[in-house]
Amino acid sequence: MDKVVEVIDVSMNYHTLEGETEAIRKLNFDIMNGEFVSIVGPSGCGKSTLLSLISGILTPTSGKVLINGKKVEGPSASVGYMLQKDHLFEWRNIMKNITIGLEIQGKLNKENQEFVEQLLKEYGLYEFRNHYPRQLSGGMRQRVALIRTLATKPNILLLDEPFSALDYQTKIAISEEVWLILKKEKKTAILVTHDLAEAISMSDRIIVLTKRPAEIKSMHQINLSCDCKTPITCREAPEFRIYFNKIWKELDVHV
Amino acid sequence: MDKVVEVIDVSMNYHTLEGETEAIRKLNFDIMNGEFVSIVGPSGCGKSTLLSLISGILTPTSGKVLINGKKVEGPSASVGYMLQKDHLFEWRNIMKNITIGLEIQGKLNKENQEFVEQLLKEYGLYEFRNHYPRQLSGGMRQRVALIRTLATKPNILLLDEPFSALDYQTKIAISEEVWLILKKEKKTAILVTHDLAEAISMSDRIIVLTKRPAEIKSMHQINLSCDCKTPITCREAPEFRIYFNKIWKELDVHV
Amino acid sequence: MYDDINTNISEEYKKYLKSHRRKKSAIRISRIILLIFIFVLWEIAAQKEWIDPFIMSQPSRILETLITMGKDGSLFIHTGVTVYETIVGFVIGTILGTLIAIALWWSDFLASVLDPYLVVLNALPKTALGPIILVWIGGTTKSIIVMALLFSIVVTIINVYTSFRSCDEDKIKLLKTFGANKKQILRKVVLPSGITSIISTLKINVGLSLVGVIVGEFLVSKAGLGYLIIYGGQVFKMDLVMTSVIILAIVAAVLYLSVLWIEKRVLKMM
Amino acid sequence: MYDDINTNISEEYKKYLKSHRRKKSAIRISRIILLIFIFVLWEIAAQKEWIDPFIMSQPSRILETLITMGKDGSLFIHTGVTVYETIVGFVIGTILGTLIAIALWWSDFLASVLDPYLVVLNALPKTALGPIILVWIGGTTKSIIVMALLFSIVVTIINVYTSFRSCDEDKIKLLKTFGANKKQILRKVVLPSGITSIISTLKINVGLSLVGVIVGEFLVSKAGLGYLIIYGGQVFKMDLVMTSVIILAIVAAVLYLSVLWIEKRVLKMM
Amino acid sequence: SKSELTTIRLNEVVRSIFYAPHYIAISKGFFEEEGIKIELTTGQGADKTMTALLAGECDIGFAGPEACIYVYNQGKEDHAVIFAQLTKCDGSFLVAREPDPNFDWKKTAGKTIIGGRPGGVPEMTLEYILKKNGVIPGKDVEIITNLQFTATAGAFKGGTGDYVALFEPTASMLEKENAGSIVASLGKDSGLISYTAYFAKKSYIEKNPDIIQRFTNAIYKGQLWVQNNKAEDIVKEIKSFFPDADDDILITVINRYKEIDAWNTNPISIPESFELLQDIMETAGELDKRVEHSKLFDDRFAKEAVKKIK
Ligand SMILES: Nc1ncnc2c1ncn2[C@@H]1O[C@H](COP(=O)(O)OP(=O)(O)OP(=O)(O)O)[C@@H](O)[C@H]1O
Ligand SMILES: Nc1ncnc2c1ncn2[C@@H]1O[C@H](COP(=O)(O)OP(=O)(O)OP(=O)(O)O)[C@@H](O)[C@H]1O
Ligand SMILES: [Mg+2]
Ligand SMILES: [Mg+2]
């Protein structure tokens, strides 16, 4: 396996008039090709910042991020970013929502159009392509957001709490589905989440961050013994609860 | 055990200009003294309506609700209602937020004042009594909301998704705490939730409703074999997953 | 959505609908009664000389004036002039205001520099500028339209700029992840998501433009409702003044409701 | 919150602060330069007769007028009168408007009946009512204050009522679970949670009141900035008119900023 | 043909029957006879009219000479010059609550009069007459000066004041309503004052003497026509300028103006009337320095018109 993402000595300080906020301090880790990595950590510890650094929207104060061995210097087509809310544009229909990334990158050609239609068909949204976002359920909207991210054919996906706005039952169902899609498309994925059970059930590896400034507290390779490895079945594995309790204690939540 | 709540043949239709919405159809169930009952069901099936009927804010179209054998005809002091968000009043400090129920019922006397202070001390909020809501964390705010509900000494508590606005980790911690408080104060509780795990880990019984109009789909007496019965430990019980999967299938979630 | 609704109309629902209809017609009737009551009271008070019809005018005389003006067509000419000027001022104000708001959004520096100027211009009673505008532009219809523009443009700039600024940061972030440049961000998110608030400013603007037109017509004009009011005052024809004010009220309400209607349409389309 | 912030100021943070300071002072300087530029251009244009200083006045003459008026105290008297009238109108308008809004909130029926009347009154350019008010109330300060009130009260009623209506239904539900009656709901939730929007209407109202006062002073007055503008026109002293307009702009901005400041205070206290 | 007409933008101070000759000149086609097409605007105030003139928004202004004095005194190089005069006295009347055939200005002592706005000539004239009659404004008589002139009649009718100084047609309308009675003419009691006149910028007159001459001719024809015709006929001609006025009011008013001899018989200025205007302004404290008649008036055109037209 190759390293697709290398985070090397990355630090990030936010500067505002109120003062300097050290969000991330000398972080180092690699992500392998095809790996599904979750990042968990206390609220406000710098998880979203980390994803922004990897995506190239932000530039680290020091250190660097390499993608496929090349230094990140701005958003690139090889990285897709999925945010907490779906952020579908109400004034565009589903098709036009999905192709917005292609539009911006000037790649809205016939071939990509067909690819998008392919995706829509595959994930059961083809009939809805002329609908408007408000006509879709929360779960469907989130799937549209995923397809929008996939449309530009990134091979690395950054997912920033993509399911937290959904209600509990939808969340479990859609995370299962997204996981299957990503595995099928053979994407490398980095998932930020607050939901430990979600992290454990979906990931190959979990990175636990300390509270701000974010440093790596621990890393956990997840090996669950269950028949067919999909998130819902994973939750039934006997090791599940052990991982859960261990990481829960590391997170050290106080109310 | 006595029946404290009896729901007898209750139906509820909403009338709006768009049409008639049948929210609840001929519902029948009882709640025993000291019992912790969870109600789960698809979104919009009528769970909140049901709680409003029990609390007396709404009047059923037909059928009746009895509380301690007496017909409900309006809000009564013996029922406390806790909503999804904390709804603390930003312009009142914590103390005054907590005593608002007593104020309205004209029962803001010395004795009750002392009782409230007692509660605040017991649940670690006494030092914050002069703070304003915005100075508190989400978990603390939710605890304040609970104490506000307890201040009028209801013996039945209605909880309408009280934890769903909290982030995952806080939610697990605070639901543990609330459960302990309710058990300690020996309250009867009806919890509405979307989170099956939460329902299973906290309740003595789970009522599953059909989709609208709400009827009872099934009821599950929860018997978990674990040492010390608190929600977090409950999650480790072997039966947990079995209940989960059974009810999950009954809910029949489609995305 | 239709399967959500019970199509077998129940007895209670019928009762509900009936009580609703009753309430609605009670409201409608009360509104009309109130209107009639005001006019009848006014008429009686004028006839019994409780109030001075010479000063306060009176409904029957207003009606007379209205009929005369309707017959000789002057009613429509004056109303038409005012409405035309208002719409022109309003459309130009909205477009120009939006363009300036875009410029401010584009350059934070410009926005910061101009901020105090906008505050002062916004707070300044534009009525006071009337005589000055007159001097600058001259006593033509142009200066009335400039007045209308003046009244509405600052509010437009401020509201539209505020709405651009309040454009969801995450939506912009989303476009940035695709590598969008500033122009793309403007075109693909900021403008479309600002449309709603641009349209909701229209409601305020049309009123302000009308005020501008009236003030302008007070100062310089040969026609229009503002002219009629001033002229009526000069020749002490309170009937004419009152009639014009009433027509003006109707025009104002109609303009407002039209914009409201357009707003609803556009929002529905989006 | 303080432990959130790194107190060892790093090199980059120093750089950031420096660049921020530089940007800020660039903005400040640009603002001043723009101001100076406008006035200098105006002065030069007037001196070179590109524009007619008789009509447009000119900064040096305005300054002169300002000094003369400052010396004989008339500057302060006229400004004081206008400010006083504005504040009185504004306070009465806010209180009265809030009371009416409460009445509307209390009775849905009343609110529905009056709704179209409010729409018309709101849309109607109040300037047109000036002459009528004058006749009704007579030529006293009272009618100026009534004008100020007239300009601000409808907006107050509508905004405050809207804010009452938009009071969080769940907060009301919460009180209902405790068995609260309508009066308690009003007192404990609707009013306090409406305070913010009442205060934010103040910002708009103070401007509208000022407009009302100026329009009123145009029509009837012996003192005030509106009077000065009219009087200056009558004796053809454009310097006086321009000076008054500039003072008015400053007064308007100061009033607006004061209300903004009060708003911030109150919101902080809450 | 019409296409050869020169278009002249004329800005009148207000629309008033007091200016009847001027509307006659338009409606009888006297301007067209002179090859002029009039584009008439109402300035709603002498200041606005003068402003429009100076800003080049109109070619000829029609207002009181005081506007020209103010401008001249402020050192304006290209000031306005008056070339034709239309009215020669104040056109306002004092209205009392009851008829008073034996009215004397001394009777106003201890009473309240609703006057005009300070700085305006009507108000100054009123004060001048009062002073002339030994009644000191502010001391012996109270004058309400804070009302816009469109509001004074209403205020009076509403019960304010014992007297009100009013323009026409308001004064006649009050009389018709039995709400008051005209007891004195300010024009008659003050003496001849330069009242409303036509003026243009000095440079404009220099450049277009021909237009000015033709314009003056038309005005003179209007003046003659008004002198030689009955009020009823005058009203018939100018009715279109006052669409909402009652005919009988208009007739009353025109007769009243004829009676007090308010209109110049020709466009030539009357120097004494200008001096009286300046006296009045001086008394009121609104005049910094007196202006020579010859500086502001150019009677060449008026004299030429009188010579030519019979
Ligand atoms: N643009 C910014 N300017 C200044 N400070 C910022 C900015 N963005 C984030 N921060 C601060 O940096 C810290 C890390 O923020 P970040 O959003 O990365 O945390 P997070 O782990 O994603 O939090 P959450 O769990 O709430 O999503 C926080 O303390 C936040 O206040
Ligand atoms: N005041 C009302 N007027 C009309 N219809 C209503 C009203 N309140 C609720 N409803 C309708 O009644 C049905 C049940 O609503 P209710 O809020 O009880 O559902 P719920 O189970 O609590 O939903 P959720 O899971 O989203 O909280 C819904 O279809 C809703 O649209
Ligand atoms: Mg985050
Ligand atoms: Mg609910």
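Throughout, a chain's letter reflects where its sequence line sits, starting with A, and its residues are numbered from 1.
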Residues, nucleotides or ligands: over 12 heavy atoms within 6.0 Å of B:K96 NZ: no
What's the separation between atom CD in D:Q184 and atom CD in B:Q105, rounded to the nearest 0.5 Å? 9.0 Å
Step through the shown structure and confirm whether more than 12 heavy atoms of other residues, nucleotides or ligands are within 6.0 Å of CZ on D:R187. no
Examine whether an atom of B:L88 lies under 4.5 Å from a heavy atom of chain D, and if so say whether it belongs to the side chain, the backbone or both; otherwise answer neither. backbone
Closest approach of D:G179 to B:I104 (non-hydrogen atoms, all atoms of both residues): C-CG2, 4.1 Å
Which portion of B:R148 sits near chain D, non-hydrogen atoms under 4.5 angstrom: both
Output for pair (B:W91 CH2, D:S193 OG), nearest 0.5 Å, gives 4.5 Å
Measure the spacing between OH of B:Y81 and NZ of D:K173 and express it to the nearest 0.5 Å. 3.5 Å
CD1-CG distance between B:I100 and D:L174, expressed to the nearest 0.5 angstrom: 7.5 Å
D:L175 CG to B:E103 CD distance, which is reported to the nearest 0.5 Å: 9.5 Å
What residues of residues 44-63 of chain B make heavy-atom contacts with chain D at a cutoff under 4.5 angstrom? B:S52, B:I57
Report, one line per pair, each donor and acceptor closer than 3.5 Å where one atom sits in a side chain of residues 108-119 of chain D; sequence neighbours left out.
| from | atom 1 | to | atom 2 | distance (Å) |
| --- | --- | --- | --- | --- |
| D:S112 | OG | D:D108 | O | 2.9 |
| D:Y117 | OH | C:R31 | O | 2.7 |
| D:Y117 | OH | C:L35 | N | 2.9 |

Is the number of heavy atoms from other residues, nucleotides or ligands under 6.0 Å of B:K183 NZ greater than 12? yes
Would you compute the distance between atom NE2 of B:H87 and atom CD of D:E169 and round it to the nearest 0.5 angstrom? 10.5 Å
Neighbour count above 12 (heavy atom, 6.0 Å) for D:K182 NZ: yes
B:K153, NZ atom: more than 12 neighbouring heavy atoms under 6.0 Å: yes
Of the backbone (N, CA, C, O) and the side chain (C-beta and beyond), which part of D:N181 lies under 4.5 Å from a heavy atom of chain B, both, or neither? neither
